[in-house]
Amino acid sequence: ATGSAPAVPIDERFDIAYVTPVTIGTPPQTLMLDFDTGSSDLWVFSSHMPPFQVRGQEIYTPDESSTARLLEGHTWSIMYGDGSASRGNVYVDTFAVGGLTVLNQAVQTAQQVSASFTSATNIDGLVGLGFSTLNTVRPESQLTFFDNAKASLDNPVFTADLKYMAAGTYDFGFIDRAKYTGEITYVPIDPDPGYWIFTSSGYAVGASSNFSATPIIGIADTGTSLVYLPTAVLTAYYRQVQGATNSRSYGGYVFPCDSALPSFTFGVGEERFTIPASYIRYAPVTEGSATCFGGLQSSSELGINIWGDVALKAAFVVFDSRSPPRIGWAKK
Ligand SMILES: Cc1cc(CN)n(C)n1
(Lines give C-alpha, C1' and ligand atoms only; values in the text may rest on other atoms or scores of the structure.)
Protein backbone atom coordinates (compact mmCIF):
# COMPACT_ATOMS: atom_id res chain seq x y z
CA ALA A 1 0.00 0.00 0.00
CA THR A 2 0.97 3.62 -0.45
CA GLY A 3 -0.57 6.96 0.49
CA SER A 4 -0.20 10.59 -0.46
CA ALA A 5 -1.72 13.65 1.18
CA PRO A 6 -1.26 17.43 0.98
CA ALA A 7 0.58 19.52 3.59
CA VAL A 8 -1.25 22.85 3.56
CA PRO A 9 0.12 25.98 5.30
CA ILE A 10 -2.34 27.06 8.04
CA ASP A 11 -1.67 30.73 7.28
CA GLU A 12 -1.42 32.22 3.78
CA ARG A 13 1.15 34.84 4.87
CA PHE A 14 3.68 32.79 6.93
CA ASP A 15 4.49 29.07 7.07
CA ILE A 16 3.64 28.68 10.75
CA ALA A 17 2.56 25.05 10.39
CA TYR A 18 1.13 22.67 7.81
CA VAL A 19 -2.05 20.60 8.12
CA THR A 20 -3.18 17.46 6.33
CA PRO A 21 -6.77 16.18 5.93
CA VAL A 22 -7.54 12.87 7.68
CA THR A 23 -10.74 10.97 8.44
CA ILE A 24 -11.51 9.24 11.73
CA GLY A 25 -14.39 6.89 12.55
CA THR A 26 -17.57 5.60 10.94
CA PRO A 27 -19.09 7.54 9.27
CA PRO A 28 -15.80 9.39 8.60
CA GLN A 29 -15.15 12.62 10.49
CA THR A 30 -12.68 14.90 8.62
CA LEU A 31 -10.07 16.82 10.60
CA MET A 32 -7.00 18.84 9.53
CA LEU A 33 -4.01 17.60 11.54
CA ASP A 34 -0.41 18.77 11.91
CA PHE A 35 1.89 15.85 10.95
CA ASP A 36 4.80 16.15 13.36
CA THR A 37 8.02 14.13 13.06
CA GLY A 38 9.06 15.66 16.41
CA SER A 39 6.45 13.84 18.51
CA SER A 40 4.58 10.52 18.64
CA ASP A 41 1.04 11.20 19.87
CA LEU A 42 -1.99 11.28 17.56
CA TRP A 43 -4.35 13.62 19.36
CA VAL A 44 -7.40 15.58 18.29
CA PHE A 45 -9.71 18.33 19.46
CA SER A 46 -12.74 16.44 20.74
CA SER A 47 -16.27 16.54 22.14
CA HIS A 48 -14.64 15.95 25.56
CA MET A 49 -13.25 19.51 25.69
CA PRO A 50 -14.82 22.52 27.39
CA PRO A 51 -16.43 24.54 24.57
CA PHE A 52 -14.48 27.72 25.45
CA GLN A 53 -11.25 25.93 24.49
CA VAL A 54 -12.54 25.29 20.94
CA ARG A 55 -12.26 28.29 18.61
CA GLY A 56 -13.38 27.08 15.19
CA GLN A 57 -11.41 23.84 15.13
CA GLU A 58 -13.10 20.67 13.86
CA ILE A 59 -13.64 18.16 16.67
CA TYR A 60 -13.76 14.35 16.79
CA THR A 61 -16.89 13.01 18.51
CA PRO A 62 -16.31 9.34 19.35
CA ASP A 63 -19.96 8.91 20.41
CA GLU A 64 -20.90 9.51 16.76
CA SER A 65 -18.54 6.81 15.46
CA SER A 66 -19.81 3.21 15.41
CA THR A 67 -16.21 1.92 15.26
CA ALA A 68 -14.87 3.98 18.22
CA ARG A 69 -13.87 1.98 21.29
CA LEU A 70 -12.75 3.65 24.56
CA LEU A 71 -9.32 2.44 25.72
CA GLU A 72 -10.40 1.97 29.35
CA GLY A 73 -8.24 3.59 32.01
CA HIS A 74 -5.79 5.12 29.53
CA THR A 75 -4.79 8.79 29.56
CA TRP A 76 -2.19 10.96 27.90
CA SER A 77 -0.51 14.30 28.57
CA ILE A 78 2.07 16.04 26.40
CA MET A 79 4.08 19.26 26.42
CA TYR A 80 5.96 20.45 23.32
CA GLY A 81 9.19 22.37 23.03
CA ASP A 82 7.27 25.62 22.54
CA GLY A 83 5.45 25.19 25.86
CA SER A 84 2.12 24.21 24.29
CA ALA A 85 0.37 21.29 25.96
CA SER A 86 -2.67 19.02 25.83
CA ARG A 87 -4.06 15.98 27.63
CA GLY A 88 -7.04 13.63 27.64
CA ASN A 89 -8.22 10.07 27.16
CA VAL A 90 -7.87 7.50 24.42
CA TYR A 91 -10.04 5.66 21.88
CA VAL A 92 -9.16 3.29 19.09
CA ASP A 93 -10.94 3.92 15.81
CA THR A 94 -10.49 3.75 12.04
CA PHE A 95 -7.97 6.34 10.81
CA ALA A 96 -7.41 7.19 7.16
CA VAL A 97 -5.04 9.58 5.38
CA GLY A 98 -4.12 9.92 1.71
CA GLY A 99 -5.74 6.63 0.74
CA LEU A 100 -4.20 4.65 3.60
CA THR A 101 -6.52 3.18 6.27
CA VAL A 102 -5.46 1.91 9.69
CA LEU A 103 -8.04 0.01 11.75
CA ASN A 104 -7.85 0.31 15.54
CA GLN A 105 -5.53 3.33 15.54
CA ALA A 106 -5.11 4.92 18.97
CA VAL A 107 -6.80 8.31 18.72
CA GLN A 108 -6.07 10.49 21.72
CA THR A 109 -9.05 12.71 22.49
CA ALA A 110 -8.23 16.04 24.12
CA GLN A 111 -10.00 17.07 27.32
CA GLN A 112 -7.73 20.10 27.83
CA VAL A 113 -5.49 22.07 25.46
CA SER A 114 -3.28 25.09 26.21
CA ALA A 115 -4.15 28.58 24.98
CA SER A 116 -1.79 28.43 22.01
CA PHE A 117 -3.69 25.41 20.63
CA THR A 118 -7.04 27.14 21.15
CA SER A 119 -5.63 30.15 19.23
CA ALA A 120 -4.40 27.97 16.36
CA THR A 121 -7.86 27.84 14.82
CA ASN A 122 -6.71 25.90 11.72
CA ILE A 123 -5.07 23.01 13.58
CA ASP A 124 -7.47 20.29 14.80
CA GLY A 125 -4.73 18.18 16.39
CA LEU A 126 -1.45 16.42 15.67
CA VAL A 127 -0.28 13.17 14.09
CA GLY A 128 3.06 12.16 15.60
CA LEU A 129 5.53 10.67 13.11
CA GLY A 130 8.34 10.26 15.65
CA PHE A 131 9.30 6.90 17.11
CA SER A 132 6.53 5.24 19.12
CA THR A 133 8.77 5.08 22.21
CA LEU A 134 7.90 8.77 22.72
CA ASN A 135 4.12 8.15 22.90
CA THR A 136 2.68 9.53 26.17
CA VAL A 137 -0.36 7.21 26.59
CA ARG A 138 -0.30 5.41 29.95
CA PRO A 139 -0.42 2.74 31.37
CA GLU A 140 0.27 1.19 27.88
CA SER A 141 1.91 3.45 25.27
CA GLN A 142 0.43 3.34 21.76
CA LEU A 143 1.85 3.06 18.25
CA THR A 144 1.94 5.91 15.75
CA PHE A 145 -0.22 5.61 12.65
CA PHE A 146 2.96 5.11 10.61
CA ASP A 147 4.11 2.21 12.82
CA ASN A 148 0.65 0.64 12.53
CA ALA A 149 0.65 1.10 8.75
CA LYS A 150 4.29 0.13 8.14
CA ALA A 151 3.83 -3.60 7.55
CA SER A 152 1.29 -2.94 4.81
CA LEU A 153 3.35 -0.22 3.09
CA ASP A 154 5.30 -1.08 -0.09
CA ASN A 155 8.35 0.39 1.65
CA PRO A 156 8.74 1.38 5.35
CA VAL A 157 9.24 5.04 4.51
CA PHE A 158 7.47 8.37 4.38
CA THR A 159 8.63 11.54 2.67
CA ALA A 160 8.10 15.25 3.31
CA ASP A 161 7.96 17.72 0.44
CA LEU A 162 7.08 20.92 2.31
CA LYS A 163 6.88 24.17 0.34
CA TYR A 164 7.33 27.90 0.96
CA MET A 165 3.87 29.50 1.14
CA ALA A 166 2.31 26.68 -0.86
CA ALA A 167 0.85 23.24 -0.32
CA GLY A 168 3.35 20.38 -0.33
CA THR A 169 2.95 16.64 0.15
CA TYR A 170 3.50 13.81 2.59
CA ASP A 171 3.91 10.44 0.81
CA PHE A 172 3.74 7.10 2.63
CA GLY A 173 5.28 3.83 1.46
CA PHE A 174 7.07 5.12 -1.62
CA ILE A 175 9.64 7.64 -2.83
CA ASP A 176 8.30 9.76 -5.71
CA ARG A 177 11.12 10.23 -8.21
CA ALA A 178 9.24 13.22 -9.66
CA LYS A 179 9.53 15.17 -6.39
CA TYR A 180 13.30 15.55 -6.33
CA THR A 181 16.32 16.00 -8.55
CA GLY A 182 19.71 14.28 -8.46
CA GLU A 183 20.36 11.65 -5.80
CA ILE A 184 19.16 11.23 -2.20
CA THR A 185 21.93 11.56 0.41
CA TYR A 186 21.21 9.28 3.36
CA VAL A 187 22.72 9.66 6.83
CA PRO A 188 22.12 7.47 9.92
CA ILE A 189 19.44 8.17 12.51
CA ASP A 190 19.86 7.49 16.22
CA PRO A 191 16.32 6.28 17.11
CA ASP A 192 16.93 5.81 20.84
CA PRO A 193 15.78 9.28 21.94
CA GLY A 194 12.68 8.76 19.79
CA TYR A 195 13.30 11.67 17.42
CA TRP A 196 14.63 11.67 13.85
CA ILE A 197 18.11 12.73 15.04
CA PHE A 198 20.93 13.03 12.51
CA THR A 199 24.26 14.83 12.21
CA SER A 200 24.60 17.66 9.71
CA SER A 201 28.13 18.00 8.33
CA GLY A 202 28.31 21.78 8.77
CA TYR A 203 27.10 25.12 7.50
CA ALA A 204 27.89 28.26 5.54
CA VAL A 205 26.47 31.76 5.72
CA GLY A 206 25.34 32.48 2.18
CA ALA A 207 26.05 29.93 -0.53
CA SER A 208 28.43 27.12 0.29
CA SER A 209 31.61 29.14 -0.43
CA ASN A 210 32.94 29.45 3.14
CA PHE A 211 31.56 26.13 4.45
CA SER A 212 32.44 25.29 8.08
CA ALA A 213 32.79 21.52 8.38
CA THR A 214 31.48 21.10 11.93
CA PRO A 215 29.05 18.38 13.05
CA ILE A 216 25.64 19.66 14.11
CA ILE A 217 23.47 17.02 15.81
CA GLY A 218 19.79 17.91 15.42
CA ILE A 219 16.29 16.60 14.81
CA ALA A 220 14.28 16.85 11.60
CA ASP A 221 11.00 18.23 12.92
CA THR A 222 8.07 18.94 10.57
CA GLY A 223 6.07 20.26 13.55
CA THR A 224 8.48 23.11 14.32
CA SER A 225 8.27 26.24 12.15
CA LEU A 226 11.83 27.53 12.43
CA VAL A 227 15.44 26.31 12.58
CA TYR A 228 17.18 26.32 15.97
CA LEU A 229 20.99 26.08 15.91
CA PRO A 230 23.97 26.68 18.23
CA THR A 231 24.76 30.26 19.20
CA ALA A 232 28.07 30.26 17.28
CA VAL A 233 26.21 29.55 14.04
CA LEU A 234 23.62 32.23 14.74
CA THR A 235 26.17 34.97 15.49
CA ALA A 236 28.05 34.05 12.30
CA TYR A 237 24.81 34.46 10.34
CA TYR A 238 23.30 37.58 11.93
CA ARG A 239 26.67 39.37 11.92
CA GLN A 240 25.95 39.73 8.19
CA VAL A 241 22.54 41.34 8.74
CA GLN A 242 22.31 45.12 9.19
CA GLY A 243 20.44 45.99 12.38
CA ALA A 244 20.04 42.42 13.60
CA THR A 245 19.76 41.96 17.36
CA ASN A 246 18.96 39.09 19.67
CA SER A 247 15.88 40.63 21.28
CA ARG A 248 14.89 39.54 24.77
CA SER A 249 11.48 41.16 24.38
CA TYR A 250 10.70 39.37 21.10
CA GLY A 251 12.43 36.19 22.28
CA GLY A 252 14.94 35.83 19.49
CA TYR A 253 16.89 37.38 16.62
CA VAL A 254 15.04 40.21 14.86
CA PHE A 255 16.11 42.63 12.15
CA PRO A 256 14.68 45.42 9.97
CA CYS A 257 12.42 43.69 7.42
CA ASP A 258 14.15 45.61 4.59
CA SER A 259 17.66 44.46 5.63
CA ALA A 260 19.55 42.40 3.05
CA LEU A 261 19.71 38.77 4.20
CA PRO A 262 22.23 36.13 3.18
CA SER A 263 20.97 32.63 2.45
CA PHE A 264 22.03 29.80 4.80
CA THR A 265 23.62 26.55 3.67
CA PHE A 266 23.74 23.33 5.69
CA GLY A 267 25.52 20.08 4.91
CA VAL A 268 24.21 16.53 4.79
CA GLY A 269 27.24 14.34 4.16
CA GLU A 270 28.91 15.73 1.07
CA GLU A 271 25.68 17.42 -0.11
CA ARG A 272 24.86 21.08 0.50
CA PHE A 273 21.35 22.53 0.95
CA THR A 274 20.69 26.25 0.79
CA ILE A 275 17.83 27.94 2.62
CA PRO A 276 16.87 31.04 0.61
CA ALA A 277 16.92 34.41 2.38
CA SER A 278 13.14 34.68 1.85
CA TYR A 279 12.59 31.71 4.20
CA ILE A 280 14.73 33.41 6.87
CA ARG A 281 12.84 36.73 6.60
CA TYR A 282 10.20 34.80 8.50
CA ALA A 283 7.51 37.28 9.61
CA PRO A 284 6.98 40.78 11.05
CA VAL A 285 7.13 40.57 14.86
CA THR A 286 3.59 41.97 14.94
CA GLU A 287 1.14 42.66 12.09
CA GLY A 288 2.51 45.44 9.91
CA SER A 289 5.73 45.93 11.89
CA ALA A 290 8.94 46.91 10.06
CA THR A 291 10.83 44.56 12.38
CA CYS A 292 11.05 40.93 11.26
CA PHE A 293 11.63 37.76 13.24
CA GLY A 294 14.34 35.47 11.88
CA GLY A 295 13.77 31.95 10.59
CA LEU A 296 17.10 30.95 12.19
CA GLN A 297 17.06 31.09 15.99
CA SER A 298 19.23 29.87 18.86
CA SER A 299 18.89 26.37 20.28
CA SER A 300 20.76 27.28 23.49
CA GLU A 301 17.54 27.24 25.57
CA LEU A 302 16.27 24.01 23.96
CA GLY A 303 19.11 21.58 24.61
CA ILE A 304 18.70 20.23 21.09
CA ASN A 305 19.16 21.61 17.57
CA ILE A 306 16.04 21.55 15.43
CA TRP A 307 15.78 21.49 11.63
CA GLY A 308 12.21 22.74 11.38
CA ASP A 309 10.08 23.70 8.39
CA VAL A 310 12.35 26.63 7.35
CA ALA A 311 15.03 24.01 6.54
CA LEU A 312 12.80 21.10 5.50
CA LYS A 313 11.06 23.11 2.77
CA ALA A 314 14.45 23.64 1.12
CA ALA A 315 14.68 19.90 0.40
CA PHE A 316 12.87 16.64 -0.31
CA VAL A 317 13.25 14.56 2.86
CA VAL A 318 12.95 10.77 3.22
CA PHE A 319 12.20 9.33 6.67
CA ASP A 320 13.29 5.73 6.22
CA SER A 321 12.39 3.44 9.10
CA ARG A 322 14.15 0.32 7.86
CA SER A 323 16.60 -1.14 10.38
CA PRO A 324 18.74 0.81 11.15
CA PRO A 325 16.64 3.88 10.34
CA ARG A 326 18.07 6.65 8.21
CA ILE A 327 17.09 10.04 6.82
CA GLY A 328 17.59 11.07 3.21
CA TRP A 329 17.89 14.57 1.78
CA ALA A 330 17.59 15.53 -1.87
CA LYS A 331 17.38 18.74 -3.87
CA LYS A 332 14.10 19.60 -5.60
C1 LIG B 1 2.58 21.66 18.81
C2 LIG B 1 4.04 21.54 18.59
C3 LIG B 1 4.70 20.51 17.89
C4 LIG B 1 6.05 20.85 17.94
C5 LIG B 1 7.19 20.12 17.32
N6 LIG B 1 7.31 18.78 17.72
N7 LIG B 1 6.16 22.01 18.61
C8 LIG B 1 7.36 22.78 18.89
N9 LIG B 1 4.92 22.46 19.00
Side-chain angles (χ1 to χ4, degrees), residues 7-11 14-20 22 31-46 49 53-58 76-88 107-137 141 144-147 158 160 162 168 170 189-191 193-198 217-229 251-252 282-283 293-313 317 319 327:
V8 183
I10 59 166
D11 185 299
F14 326 111
D15 296 332
I16 298 168
Y18 298 85
V19 287
T20 296
V22 310
L31 281 75
M32 299 297 283
L33 303 183
D34 180 353
F35 280 49
D36 176 18
T37 57
S39 66
S40 306
D41 283 36
L42 194 171
W43 72 264
V44 292
F45 273 64
S46 84
M49 289 169 61
Q53 288 190 8
V54 184
R55 192 175 300 157
Q57 290 85 354
E58 292 299 318
W76 61 280
S77 175
I78 193 165
M79 180 170 284
Y80 297 93
D82 58 4
S84 59
S86 52
R87 62 184 170 87
V107 177
Q108 299 167 219
T109 45
Q111 290 175 292
Q112 296 285 331
V113 303
S114 63
S116 60
F117 280 122
T118 296
S119 310
T121 57
N122 296 328
I123 298 178
D124 304 331
L126 269 74
V127 174
L129 292 172
F131 293 85
S132 292
T133 47
L134 283 182
N135 179 263
T136 74
V137 174
S141 81
T144 65
F145 122 83
F146 178 68
D147 274 353
F158 64 91
L162 298 180
Y170 288 115
I189 285 288
D190 169 10
Y195 300 103
W196 290 90
I197 295 188
F198 71 101
I217 299 173
I219 68 169
D221 186 354
T222 56
T224 289
S225 317
L226 309 182
V227 170
Y228 296 85
L229 294 172
Y282 181 65
F293 198 76
L296 303 180
Q297 294 295 339
S298 170
S299 61
S300 56
E301 313 284 306
L302 300 176
I304 190 166
N305 298 306
I306 302 178
W307 301 96
D309 300 333
V310 159
L312 298 171
K313 57 191 162 181
V317 188
F319 295 82
I327 188 167

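Just so it is clear, the structure is predicted and the values come from calculations on it, not from any experiment. Both ligands and their constituent atoms are indexed starting at 1 by order of listing.
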Taking only residues two or more places apart in sequence, or in another chain, which ones meet Asp15 in a salt bridge (charged side-chain N to carboxylate O under 4.0 Å, His left out)? Lys313

Between the CG atom in Asp41 and the OG atom in Ser141, the distance rounded to the nearest 0.5 Å is 9.5 Å

By side chain to side chain contact (heavy atoms under 4.5 Å, CB included), Thr144 pairs with (sequence neighbours left out) Ser40, Ser132, Phe146, Asp147

Ser225 side chain to Ile16 main-chain N or O, any donor-acceptor pair under 3.5 Å? yes

Please name all residues satisfying side chain to side chain contact (heavy atoms under 4.5 Å, CB included) with Asp190, sequence neighbours left out, ordered by chain then number. Asp192, Pro193

Any protein N/O atoms within less than 3.5 Å of an N/O atom in ligand 1? List the atom names and distances, or say none.
{"unit_1": "ligand 1", "atom_1": "6 (N)", "unit_2": "Asp36", "atom_2": "OD1", "d": "3.0"}
{"unit_1": "ligand 1", "atom_1": "6 (N)", "unit_2": "Asp36", "atom_2": "OD2", "d": "2.8"}
{"unit_1": "ligand 1", "atom_1": "6 (N)", "unit_2": "Asp221", "atom_2": "OD2", "d": "3.2"}
{"unit_1": "ligand 1", "atom_1": "9 (N)", "unit_2": "Asp82", "atom_2": "OD1", "d": "3.4"}
{"unit_1": "ligand 1", "atom_1": "9 (N)", "unit_2": "Asp82", "atom_2": "OD2", "d": "2.9"}

Could you tell me whether Tyr282 and Phe293 have their ring centroids closer than 6.0 angstrom? no

